[in-house]
Peer 1: 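Below you will find the structure I want to go over with you.
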Amino acid sequence: MENIVFPQGFLWGAATAAFQVEGATDVDGRTDSIWDEFCRQPGKVVGGDCGEPAADHYRRFEQDVAMMADLGLKAYRFSIAWPRVRPDGGKVNQAGLDFYQRLIDSLLAHDIVPWPTLYHWDLPQKLEEVGGWANRDTAFRFADYAAATVEALGDRVGTWTTMNEPWCSAFLGYAGGNHAPGRTEPAAAVAAVHHLLLAHGLAADTIRAAQPDAKVGITLNMYPIIPVDPGNPADLDVARRLDGLQQRIFLDPLLRGEYPADILADLEPYGFGEHIKDGDLGVISGPMDMLGVNYYTEHYVSSTPNGEAGPSPWVGVQHASFPARDAPMTDMGWEVRPDGLTTVLMRVHQDYPRLPLYITENGAAFRDDFSGNGAIDDVDRTGFIASHLRAAHAAIEAGVDLRGYFCWSLLDNFEWAEGYAKRFGIVHVDYDTQIRTPKMSARWYSRVARDNALVAVS
């Protein structure tokens with residue numbers, strides 16, 4: 001342990017997302033997002049849960065910022081709610097901007113770096129009603145939203161993330177139907193991929209025009225894709241397709257200025273190429289100052305059908321199943337595979353133009369263990385983060401320019417389609433009283449952040 005020291009200036013933080021923590025969904029001019037509407041649809045979210053009150057962060061942010069300061073965190077990754085800033089995708093709402101000004105001012109007063117994300121899945125519902133991300137015009141409306149946000153907040157923000165996990169927005173939202181807006185239209189999903197990337201590029205240009213010294217990037221969720229039988233051509237082809245849809249369809253246009261030829265061919269039946277206009281790839285592949293990597297597990301894939309019918313997020317993949325291996329599981333049913341984090345960091349480092357990397361999400365849902373004295377001894381979560389920090393450090397030792405780590409999540413929160421049934425927070429939230437209680441993982445992570453080194457779990 002004593003040898004696992006991180007580089008000087010390594011950024012230690014925690015992350016949340018607006019719809020998951022803010023609550024106050026109809027306050028100060030905010031209007032519906034696609035997630036507000038999705039939550040109203042019977043059977044879409046476990047328990048019929050919704051984003052109200054979530055962790056009530058909108059009203060309690062000062063308490064939460066003070067708690068982050070007490071924990072010694074140096075940065076806070078949060079998202080800005082598009083429906084607060086430009087309700088219904090329309091005119092600027094000053095009351096919505098004022099909230100983020102207050103939040104950022106509080107962070108700066110506590111010497112915590114604000115690290116905002118412009119889009120973490122909460123598209124204004126009115127824009128979905130005219131096509132959502134399947135509509136090219138949404139990319140330009142996103143640039144308008146970015147312009148208003150940067151104009152109001154840019155004097156206090158040094159780093160901007162445009163998008164969080166566009167894979168989820170496109171494929172879970174428009175093909176699998178698992179996430180808002182709940183559509184099961186593969187052609188709309190592949191259109192959404194391109195329009196999300198175009199929106200990133202347009203927003204990045206907008207940010208740089210208004211704030212030339214700002215650092216701009218995007219966050220992708222990345223997973224090693226491992227074929228069950230490397231000697232089986234069918235398994236290899238499924239792994240290739242899934243890797244293309246999960247990783248390369250985003251990394252290649254962003255960092256190489258082109259879509260992968262094999263994925264263009266795979267998606268040709270869905271009209272993917274029709275959405276790519278002259279000049280788009282130049283916009284998408286504009287300079288980036290950093291890349292955020294979200295990592296949770298690996299994908300172990302087989303071409304053998306698993307017997308399940310219904311919509312799939314894996315557009316163009318006829319059969320894909322994900323057999324379980326002998327490994328610990330999180331409460332989400334995800335295998336704990338810390339070495340996969342080293343793998344994805346090394347892949348970006350080796351296969352793409354070099355740029356600074358940040359782990360912008362990493363964490364796990366586990367059932368919390370309440371001890372007799374009221375403490376929450378989340379040993380599994382603490383061990384999960386520790387093992388992944390070892391994996392991150394291994395990547396640094398191998399030459400990866402990794403500059404920071406944000407644990408997911410600061411607070412227990414609304415976990416999308418799982419509602420409030422799963423807890424990722426290093427801080428427990430009692431949803432009835434909104435009392436916050438730092439867990440063992442928070443106390444341990446606080447020592448890591450203060451020491452800039454991995455410390456023993458005790």
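Just so you know, these numbers come straight off a predicted model, no measurement behind them.
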Peer 1: Kindly assign one of parallel, tilted or perpendicular to the pair W82 and Y145, based on the angle between their ring planes and the thresholds 30° and 60°.
Peer 2: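 Rings of W82 and Y145: parallel, under 30°.
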Peer 1: For T330 and A365, work out which heavy atoms get closest and say how close.
Peer 2: CB-O, 3.5 Å
Peer 1: Give a yes or no on whether a salt bridge exists between D56 and R59, defined as a side-chain N under 4.0 angstrom from a carboxylate O.
Peer 2: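 Salt bridge: yes.
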Peer 1: Applying the side-chain hydrogen bond (donor to acceptor under 3.5 Å, both in side chains) criterion to T360, which one of N164, T219, T117 satisfies it?
Peer 2: T219
Peer 1: Hey, mind stepping through D378 and F366 against side-chain contact (heavy atoms from CB on, under 4.5 Å) and telling me if it holds?
Peer 2: CA-CA 8 Å; D378 57 337; F366 288 107; 6.0 Å; no
Peer 1: Mind checking whether R347 and T343 have side chains closer than 4.5 Å, heavy atoms only?
Peer 2: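 Contact flag for R347/T343 side chains = no.
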Peer 1: For residues R436 and R60, determine if any side-chain heavy atom of one lies less than 4.5 Å from a side-chain heavy atom of the other.
Peer 2: yes
Peer 1: For D235 versus P227, what's the shortest heavy-atom pair and its separation?
Peer 2: O-CB, 3.9 Å
Peer 1: With side-chain contact (heavy atoms from CB on, under 4.5 Å) as the criterion, how do Y300 and F322 come out once you've worked through the C-alpha distance, each side chain's angles and the decisive distance to 0.1 Å?
Peer 2: CA-CA 6 Å; Y300 187 58; F322 301 84; over 6 Å; no
Peer 1: With distance as the sole criterion, is a donor-acceptor pair present between the side chains of S79 and H120 under 3.5 Å?
Peer 2: no
Peer 1: Should the pair Y223 and H299 be assigned to parallel (<30°), tilted (30 to 60°) or perpendicular (>60°) ring geometry?
Peer 2: parallel
Peer 1: Which atoms form the tightest heavy-atom contact between S302 and V238, and what is the distance?
Peer 2: O-CG1, 4.1 Å
Peer 1: Can you tell me how far apart CD1 (I207) and NE2 (H200) are? Round to the nearest 0.5 Å.
Peer 2: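 The distance works out to 9.0 Å.
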Peer 1: Can you confirm whether V21 sits close enough to F61 that some side-chain heavy atom of one is under 4.5 Å from a side-chain heavy atom of the other?
Peer 2: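 They are not in side-chain contact.
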Peer 1: Considering residues, nucleotides and ligands other than K422, do more than 12 of their heavy atoms fall under 6.0 Å from its NZ?
Peer 2: yes
Peer 1: Could you check whether R141 pairs with D137 (Lys NZ or Arg NE/NH1/NH2 to Asp/Glu carboxylate O, under 4.0 Å)?
Peer 2: yes
Peer 1: For a quick test of reading the model, state the closest non-hydrogen atom pair linking C407 to I426 and the distance between them.
Peer 2: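 Shortest heavy-atom separation between C407 and I426 comes out as SG-CD1, 3.7 Å.
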Peer 1: With a 4.5 Å heavy-atom cut-off, do S321 and V301 have their side chains touching?
Peer 2: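 S321 vs V301: side chains apart.
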Peer 1: Set out, in order, the CA-CA distance, both residues' side-chain angles and the distance that settles salt bridge (charged side-chain N to carboxylate O under 4.0 Å, His left out) for R208 and D289, then state yes or no.
Peer 2: CA-CA 11 Å; R208 287 203 171 85; D289 301 294; 2.8 Å; yes
Peer 1: Can you tell me how far apart CG (L341) and CG (L389) are? Round to the nearest 0.5 Å.
Peer 2: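 Rounded to the nearest 0.5 Å, the CG-CG separation comes out at 8.5 Å.
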Peer 1: Parallel, tilted or perpendicular: which fits the ring planes of F142 and Y119, with parallel below 30° and perpendicular above 60°?
Peer 2: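 It falls in the perpendicular class, over 60°.
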Peer 1: Between R256 and E258, is a salt bridge (charged side-chain N to carboxylate O under 4.0 Å, His left out) present by the stated rule, with each step listed?
Peer 2: CA-CA 6 Å; R256 293 178 175 165; E258 60 186 11; 5.5 Å; no
Peer 1: Taking atom CD1 of I218 and atom CG of L251, what is their separation to the nearest 0.5 Å?
Peer 2: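 Here the rounded value is 9.5 Å.
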Peer 1: Indicate whether the side chain of N135 and that of H195 have a donor and an acceptor atom separated by less than 3.5 Å.
Peer 2: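 No.
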Peer 1: Can you list the steps and then say if Y58 with D28 is a side-chain hydrogen bond (donor to acceptor under 3.5 Å, both in side chains)?
Peer 2: CA-CA 11 Å; Y58 189 83; D28 293 337; 2.5 Å; yes
Peer 1: Yes or no on salt bridge (charged side-chain N to carboxylate O under 4.0 Å, His left out) for D412 and R423, after CA distance, side-chain angles and deciding distance?
Peer 2: CA-CA 5 Å; D412 288 334; R423 291 179 179 267; 2.6 Å; yes
Peer 1: Is there a side-chain contact between R381 and K439 (heavy atoms, below 4.5 Å)?
Peer 2: yes
Peer 1: How are the rings of F171 and F250 set relative to one another: parallel (under 30°), tilted (30 to 60°) or perpendicular (over 60°)?
Peer 2: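 Rings of F171 and F250: perpendicular, over 60°.
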Peer 1: Taking the six-membered ring for Trp, are W121 and W35 parallel (under 30°), tilted (30 to 60°) or perpendicular (over 60°)?
Peer 2: parallel
Peer 1: Work out which heavy atom in A175 is nearest to a heavy atom in V315; give both atom names and the distance.
Peer 2: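 Where A175 meets V315 most closely, the heavy atoms are CB-CG2, 3.8 Å.
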Peer 1: What verdict does the side-chain contact (heavy atoms from CB on, under 4.5 Å) test give for N93 and R30, after you've listed the backbone C-alpha separation in whole Å, the side-chain angles of each residue and the deciding distance to 0.1 Å?
Peer 2: CA-CA 8 Å; N93 174 35; R30 182 192 181 277; 5.8 Å; no
Peer 1: Got a second to check how far H110's NE2 is from L73's CG, nearest 0.5 Å?
Peer 2: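 If we round to the nearest 0.5 Å, H110:NE2 and L73:CG are 12.0 Å apart.
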Peer 1: Which residue in the set L103, D111, D105 passes side-chain contact (heavy atoms from CB on, under 4.5 Å) when paired with L107?
Peer 2: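 Of all the options given, the one that passes is L103.
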Peer 1: Decide yes or no on salt bridge (charged side-chain N to carboxylate O under 4.0 Å, His left out) for R403 and D401, but give the supporting numbers first.
Peer 2: CA-CA 6 Å; R403 299 190 182 184; D401 186 7; 3.0 Å; yes
Peer 1: With side-chain hydrogen bond (donor to acceptor under 3.5 Å, both in side chains) as the criterion, how do N413 and Q20 come out once you've worked through the C-alpha distance, each side chain's angles and the decisive distance to 0.1 Å?
Peer 2: CA-CA 5 Å; N413 55 49; Q20 293 182 269; 3.3 Å; yes
Peer 1: State whether the number of non-hydrogen atoms from other residues, nucleotides or ligands found under 6.0 Å of Q94 atom CD is greater than 12.
Peer 2: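 Above 12, so yes.
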Peer 1: Under the side-chain hydrogen bond (donor to acceptor under 3.5 Å, both in side chains) criterion, do Q125 and D36 qualify, and how do the steps go?
Peer 2: CA-CA 8 Å; Q125 174 61 22; D36 295 279; over 6 Å; no
Peer 1: Return the NE2 to NZ distance between H179 and K44, rounded to the nearest 0.5 Å.
Peer 2: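 Separation between the atoms: 11.5 Å.
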Peer 1: With side-chain contact (heavy atoms from CB on, under 4.5 Å) as the test, would you mind laying out the steps for R337 and H388 before giving the verdict?
Peer 2: CA-CA 8 Å; R337 296 285 180 181; H388 285 75; over 6 Å; no
Peer 1: Out of Y296, Y405, W408, which one pairs with E361 under the side-chain hydrogen bond (donor to acceptor under 3.5 Å, both in side chains) rule?
Peer 2: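 When Y296, Y405, W408 are each tested with E361, the side-chain hydrogen bond (donor to acceptor under 3.5 Å, both in side chains) holds only for Y296.
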Peer 1: Report the relative orientation of the aromatic rings in F99 and H57; use parallel for angles under 30°, tilted for 30 to 60°, perpendicular for over 60°.
Peer 2: perpendicular
Peer 1: Can you check whether G13's main-chain N or O pairs, donor with acceptor, with R77's side chain at less than 3.5 Å?
Peer 2: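 It does not hold such a pair.
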Peer 1: Please examine the side chains of T149 and R86, heavy atoms only from C-beta on, and report whether any two atoms are closer than 4.5 Å.
Peer 2: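 Of all side-chain heavy-atom pairs linking T149 with R86, none is under 4.5 Å.
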Peer 1: Less than 4.5 Å apart, side chain to side chain, heavy atoms only: is that true for I104 and F78?
Peer 2: yes
Peer 1: Taking all non-hydrogen atoms of both residues into account, name the closest pair between I284 and L254 and its distance.
Peer 2: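 In terms of heavy atoms, the two residues are closest at O-CD2, 3.7 Å.
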Peer 1: Taking atom CD of E274 as the centre, does the number of heavy atoms from other residues, nucleotides or ligands within less than 6.0 Å exceed 12?
Peer 2: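 No, CD of E274 has 12 or fewer neighbouring heavy atoms, counting only those of other groups under 6.0 Å.
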Peer 1: What do you reckon, are the aromatic ring centroids of W115 and W12 less than 6.0 Å apart?
Peer 2: no
Peer 1: Only one of F38, W416, Y420 passes side-chain contact (heavy atoms from CB on, under 4.5 Å) with V45; say which it is.
Peer 2: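 Of the listed residues F38, W416, Y420, the side-chain contact (heavy atoms from CB on, under 4.5 Å) partner of V45 is F38.
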Peer 1: Taking the side chain as every heavy atom from C-beta outward, state whether D252 and Y259 have any pair of such atoms under 4.5 Å apart.
Peer 2: no
Peer 1: Quick one: do the E128 and W133 side chains pair a donor with an acceptor below 3.5 Å?
Peer 2: no
Peer 1: Would you say the side chains of E62 and S106 form a donor-acceptor pair under 3.5 Å?
Peer 2: no
